[in-house]
Amino acid sequence: MARTQLSLASHLARLESETDFDGWRDAARRLATNDIPPEEVAWQVGHDDDDRGNDLPACRQDARLVVPREFIERAETVICHSDPERFNFLYRLLWRLRVEPKLPRKLESMEKAVWRDIHKMRAFVRFRKIGDGAEERYVAWFEPDHFIVERNADFFVRRFAGMRWTILTPHASAEWDGKRLAIGPGASKRDAPAEDDAETLWRTYFENIFNPARLKVKAMQKEMPKKYWRNLPEASLIPDLIAGADRAATAMIARMPTSPAPRHAKVKAKHWPSPEPADVVEPESTDIPALREEASGCRRCPLWRDATQTVFGEGPENADVVFVGEQPGDQEDLAGKPFVGPAGKVFDSILDQAEIDRRKVYVTNAVKHFKFEPRGKRRIHSKPNAGEIRACRWWLDKELDIIKPNLAVALGATAAQSLLGKAVPITRMRGDVIQREDGLRVFVTIHPSFILRIREHEDKEAERERFLTDMRKVKQLMAA
Ligand code: URA
């Protein structure tokens, strides 16, 4: 139960729950159309014995109340914030909108905090199996910062439609029986099951995607704050992996042969129009961390709905080269990092052989959300369409603007389409360097997952060699 400013207020607005947006909207409409200022209103969640029974006046039909749609949409998110003053804050904004159309930064920062929490929940919920056969069910314990369970439940329904599951949190629980979603009261960690077989799987997966050479402890803790560690099976590995990372990275560098002086590759240079800038508002961010933060709430196309999180580019801001893939895969979607799954392993090992240090290049994707078709418990990669590529090019353009690389490498058709603004035949253009009107040189090659898909051993090896040759050419071009 939360109540604000009750002693001063002459009107009590009661809400059914912490996230009762319909209740807030109805109360706000009644209050505003009756010209009741914010300081005369107290907001209360639930009912208690000393209720003053202060019913709000009915909405005045003759009063005009125009509220921008944007405010309503954002307020619906902000209502999930844990700040007990949020109901009053939102009503104050609504009141202020009558004379001041600009929304304050505080609204934006509260909205971002809620979205960040929503994304963290998507990324860090770990189910544990209980029961077998008809009794099989998956249960997870999670401790969000805000009241986001109801808001996030549909996502988990879409993602795990074929499983029966429950997510328990201190404030609310969500339960899916395969047909119906039920939101219930909060629970305690003791109600959640302890370890199961899936833990070993998670640990193996995490060990596999953990690349010591790319470890940045601060950045990792920012993405995966320590408070989540206690509920993550893989987290028990983190201290050891961090401790070993320096040693492993030093050894990795020591293994790398020194490179011969680069010779400039002979390449075909063509002039190519730069892609049309996407038809959207310019973002404010001028560095990669800020841009990444902005992209974490991206809604430019519908792919964000089913993906766990935005997978933004990674690498130094002064990189000479930017590698652009297609879109994150299943493992990238969970890890929040580009090229950490099977295609990433092929990519890493060939870069290594070509003596390109992945820590010194920037790696990103044309499309920043995982697009997939659910197939049972699996998620099958689905190719992004032209609209999705175009919508996401906004982020890629910004990444390129900030980094100003010497060269961009298009890994496959989607990346080439994004970088060049039109579909291009990869087999014909492979190995070409195309100069865009803005001066950026784009090297076109295949996507490393193409190698993975080849069945015949000899053909696979031959394709691997060709890709290695391409990467050696990239190495030369980087210095040119
Ligand atoms: N494929 C891509 O194009 N990008 C990734 O990040 C992973 C696989």
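Counting starts at 1 for both ligands and their atoms, following the listed order. Nothing fancy with the numbering, it's 1 onward along the sequence.
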J.: Out of Lys337, Glu332, Glu314, His381, indicate the one that has the non-hydrogen atom closest to atom 7 (C) of ligand 1.
T.: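 Closest candidate by heavy-atom distance is Glu332.
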J.: Only one of Ile356, Val346, Leu468 forms a side chain to side chain contact (heavy atoms under 4.5 Å, CB included) with Leu351, so which one is it?
T.: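 Option passing the side chain to side chain contact (heavy atoms under 4.5 Å, CB included) with Leu351: Ile356.
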J.: Are any of the N/O atoms on Pro328, whether in the backbone or the side chain, positioned under 3.5 angstrom from an N/O atom of ligand 1?
T.: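 No, since none of the N or O atoms of Pro328 sits under 3.5 Å from an N or O of ligand 1.
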J.: Within a strict 4.5 Å, meaning less than it, do heavy atoms of the Arg305 and Arg158 side chains meet?
T.: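 Sidechains of Arg158 and Arg305: in contact.
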J.: Provide, to 0.1 Å, the distance between atom 4 (N) of ligand 1 and the closest protein heavy atom, together with that atom's residue and name.
T.: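 That would be Asn365 OD1, 2.7 Å.
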J.: I want to check something: taking the side chain as every heavy atom from C-beta on, are Phe339 and Asn365 in contact at a cut-off of under 4.5 Å?
T.: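 SC-SC contact between Phe339 and Asn365 confirmed.
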J.: What do we get for Gln327 next to ligand 1 when only non-hydrogen atoms under 4.0 Å count, side chain, backbone, both or neither?
T.: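 Within the 4.0 Å criterion, Gln327 contacts ligand 1 through backbone atoms alone.
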J.: Less than 4.0 Å between a side-chain N and a carboxylate O, is that true for Glu317 and Lys360?
T.: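 Result for this pair is no, no salt bridge flagged.
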J.: Within ligand 1, which atoms have a heavy atom of Gly325 less than 4.0 Å away?
T.: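 Every atom of ligand 1 under 4.0 Å from some heavy atom of Gly325: 3 (O).
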J.: Going by the order shown, which atoms of ligand 1 are within less than 4.0 Å of some heavy atom of His447?
T.: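 Here the atoms of ligand 1 in question are 1 (N), 2 (C), 3 (O).
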J.: Closer than 4.0 Å to some heavy atom of Glu326 - which atoms of ligand 1 meet that?
T.: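 Once the distances to Glu326 are compared, the set is 2 (C), 3 (O).
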J.: Which atoms of ligand 1 sit under 4.0 Å from any heavy atom of Pro338?
T.: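 What qualifies from ligand 1 is 6 (O).
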J.: How close do Phe89 and Pro104 get, counting heavy atoms only, and between which atoms?
T.: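 Between these two residues, the closest heavy atoms are CZ-CG, 4.5 Å.
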J.: Is there a side-chain contact between Ser296 and Trp115 in this structure, where contact means two heavy atoms from C-beta onward sitting under 4.5 Å apart?
T.: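 No, side chains not in contact.
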